[in-house]
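Side-chain atoms are counted along with the backbone in the values below, which use heavy atoms only and exclude waters and symmetry mates. These figures come from a predicted structure and were not determined experimentally.
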Amino acid sequence: MSEQTIQQATKQSKFPHLKQDFLASLVVFLVALPLCVGVAVASGVPAELGLITGIVGGIVTGLMRGSSLQVSGPAAGLTVLVFEAVQEFGLPVLGVIVLLTGALQILMGALKLGRYFRAISVSVVEGMLAGIGLVLIAGQLYSVVGAKAPESGLGKIAGLPEALVDALGSTEALTSLAVGAGTIAVLVLWQRMPQKLRTVPGPLAAVGLATLAVLVFDLPVATVEVKGLLSSVQPPSLGEFGELANVGLIGTVVAFTLIASAESLFSAAAVDRLHDGPRTEYDKELVAQGAGNAVCGVLGALPMTAVIVRSSANVRAGARTKASRVLHGVWLLLFAALLPDVLAYIPIPALAGILVHAGAKLIPVQQIAGLWREHRGEALILVVTAVSIVAVSMFEGVLIGLALAVAKTAWEASHVRLEVVDKGAGPIQAYLSGNATFLKLPKILDSLESLPQDRPVELDLSGLHHLDHACRTALENWAERHSSVGTEPVKVTEPA
């Protein structure tokens, strides 16, 4: 056997899936590039910061243990929250928020709390994403027509008709609208294109065609502002940490942590269903996400989450190991370092069109219809969470959704049934089954107190799964009152 053959065999044994991972990394890079830039522009920060987050998500988080095939980077789901944070606290403080988010995620992972994120109501998470999607669509439609969006979610939605009417009277606005609408059309129709054509990712094709149209026809539309990779890096100074005294900032950090962690771990569960490789280790994945966010915070970049669009593209492209996501981060780094001026040719309405399309995918229309038919309570939680996010804010909307989910669970857990059997002679038999809690106490007592006072009662509690202290005390007091008028003492059969 020749020395060259031995070297090739050794290389293949060390990296048996190098070819598949290399090709998959190129696909993920082409999907991630326009999304990184689009999310950054929509968040109100320099486009390069989106690329930095993508680079960190690929190289730093990609090298760590957790989920081997899911890919991290700036996510459309955090766009609205980042924009609000930048508007309220300023871009320099964003680094502090993202750094603390990462630290909290690392702490939660170290305490093995990652698995508990799977216990969050799916309806709350889908409602959260739906609310983000609605605000994202409404906000980006203003960018499509070259207008400035109102700050509040309700304001964005209420002002859309006027903005569209104003656009009809402006040549530049109509041109911008045509570029954005064309981008959305390409994204929608791309899945119907021939298989060979679809080897080019839809977002890249849409942005590439829009950019080409703007250059060829010299269209008067806004393009991405380029500041350079190094000049965009703004590590937070010690002075920015003084903002931690602001209660609103702490609430923003909690919202970032909750949403980024939930989205990443739900994405991991979805990616695990796409392949038959190693399963996600949730606590380690949370630590990996936290480490990536901590680095992004130090660099003053956008927060990251695992992104299902890139992750599914990675799996479908044939990736076998974490090498594919690390390499995609390397390609982003090389692009940002060697070809940053290319960003200046990308039209903003095209990026807005990509995010409108991404926002539409966040709204689970089919799931809402299915839930309404089978689980109306869950459908209500989803809708209320989404509407609250649009009407109030991200953080309060999620809290409202969680509170509703807890209340629904408590109500269902307190389901109890009282069956009374009166044969006309002898004692009256009362059977309690289910979960007897204080929430159902008024109903239980009303039924028991309506029983004839001059008849003996046998109270059978053996069918109860749970009897809380308040209920037990109230039943004991009722039994004592019922027996005090000279009737035989109430006979009680204790729970099994």
Side-chain angles (χ1 to χ4, degrees), residues 20 23-39 41-42 54 69-71 73 75-77 79 126 129-130 132-134 136-141 143-145 164 174-217 219 221 267 270-271 273-275 306-319 324 328 331 345-370:
Q20 297 99 313
L23 294 175
S25 71
L26 292 175
V27 172
V28 179
F29 160 68
L30 295 175
V31 172
L33 179 60
L35 291 175
C36 286
V37 177
V39 169
V41 172
L69 295 183
Q70 80 168 350
V71 185
T79 302
E126 290 185 340
L129 294 176
I132 292 169
L134 289 171
L136 186 60
I137 291 170
Q140 291 308 302
L141 285 175
S143 296
V144 167
V145 297
L164 293 175
L174 284 175
T175 304
S176 183
L177 177 60
V179 172
T183 303
I184 297 172
V186 171
L187 288 168
V188 172
L189 297 174
W190 197 250
Q191 293 303 315
R192 301 181 182 178
M193 295 292 127
Q195 179 66 35
K196 290 184 179 180
L197 201 58
R198 282 190 283 122
T199 54
V200 179
L204 184 68
V207 170
L209 291 172
T211 303
L212 185 63
V214 170
L215 290 174
V216 170
F217 297 105
L219 301 178
V221 298
S267 171
V271 173
R273 291 194 291 269
L274 298 178
H275 66 90
V307 186
I308 190 62
V309 174
R310 292 170 219 182
S311 302
S312 59
N314 189 38
V315 174
R316 291 185 181 121
S324 62
H328 119 275
W331 308 144
Y345 294 103
I346 299 176
I348 287 179
L351 295 176
I354 284 182
L355 290 174
V356 168
H357 184 259
K361 286 186 172 182
L362 293 176
I363 303 173
V365 178
Q366 293 181 346
Q367 288 90 328
I368 294 174

Participant: What's the spacing between His357 NE2 and Gln140 CD if we round to 0.5 Å?
Facilitator: 14.5 Å
Participant: Considering all heavy atoms of both residues, which atom of Gly353 and which atom of Val144 are nearest to each other, and what is their separation?
Facilitator: N-CG2, 4.3 Å
Participant: Check Ile137 against Gly359 and note the closest heavy-atom contact, atom names and distance.
Facilitator: CD1-C, 3.7 Å
Participant: Drop me the distance from Leu26's CG to Thr199's OG1, to the nearest 0.5 angstrom.
Facilitator: 12.0 Å
Participant: Please find the pair of heavy atoms, one from Met193 and one from Arg198, that lie closest to each other, and give the distance.
Facilitator: O-NE, 2.8 Å
Participant: Rounded to the nearest 0.5 Å, what separation is found between the CG atom of Leu141 and the OG atom of Ser143?
Facilitator: 9.0 Å
Participant: Between Ile348 and Val221, is any pair of side-chain heavy atoms under 4.5 Å apart?
Facilitator: no
Participant: Just how far is it from atom CG of Leu355 to atom CG of Leu35, taken to the nearest 0.5 Å?
Facilitator: 7.5 Å
Participant: Between OG1 of Thr211 and CG of Leu351, what distance do you get to the nearest 0.5 Å?
Facilitator: 8.0 Å
Participant: Give the intermediate values and the outcome of side chain to side chain contact (heavy atoms under 4.5 Å, CB included) for residues Trp331 and Val28.
Facilitator: CA-CA 10 Å; Trp331 308 144; Val28 179; over 6 Å; no
Participant: Where is the tightest heavy-atom contact between Val186 and Ala205, given as atom of each residue plus distance?
Facilitator: CG1-C, 4.5 Å
Participant: Answer yes or no: is there a donor N or O on one side and an acceptor on the other, between the side chain of Ser311 and the main chain of Val71, under 3.5 Å?
Facilitator: yes
Participant: Between Trp190 and Ala206, is there a donor-acceptor pair closer than 3.5 Å when you use the side chain of the first and the backbone of the second?
Facilitator: no
Participant: Which pair of heavy atoms, one from Ala319 and one from Ser324, lies closest together, and at what distance?
Facilitator: CB-OG, 3.3 Å
Participant: Would you say Pro201 and Arg310 make side-chain contact, with heavy atoms under 4.5 Å?
Facilitator: no
Participant: Where do Ile354 and Thr183 land on the side chain to side chain contact (heavy atoms under 4.5 Å, CB included) test, with the steps shown first?
Facilitator: CA-CA 7 Å; Ile354 284 182; Thr183 303; 4.0 Å; yes
Participant: Would you say the side chain of Pro349 lies within less than 4.5 Å of the side chain of Leu177, judging by non-hydrogen atoms?
Facilitator: no
Participant: Nearest 0.5 Å please: distance from the CD1 atom of Ile363 over to the CG atom of Leu134.
Facilitator: 4.0 Å
Participant: Mind listing the closest non-hydrogen atom pair of Pro364 and Ala130 along with its distance?
Facilitator: CD-CB, 3.8 Å
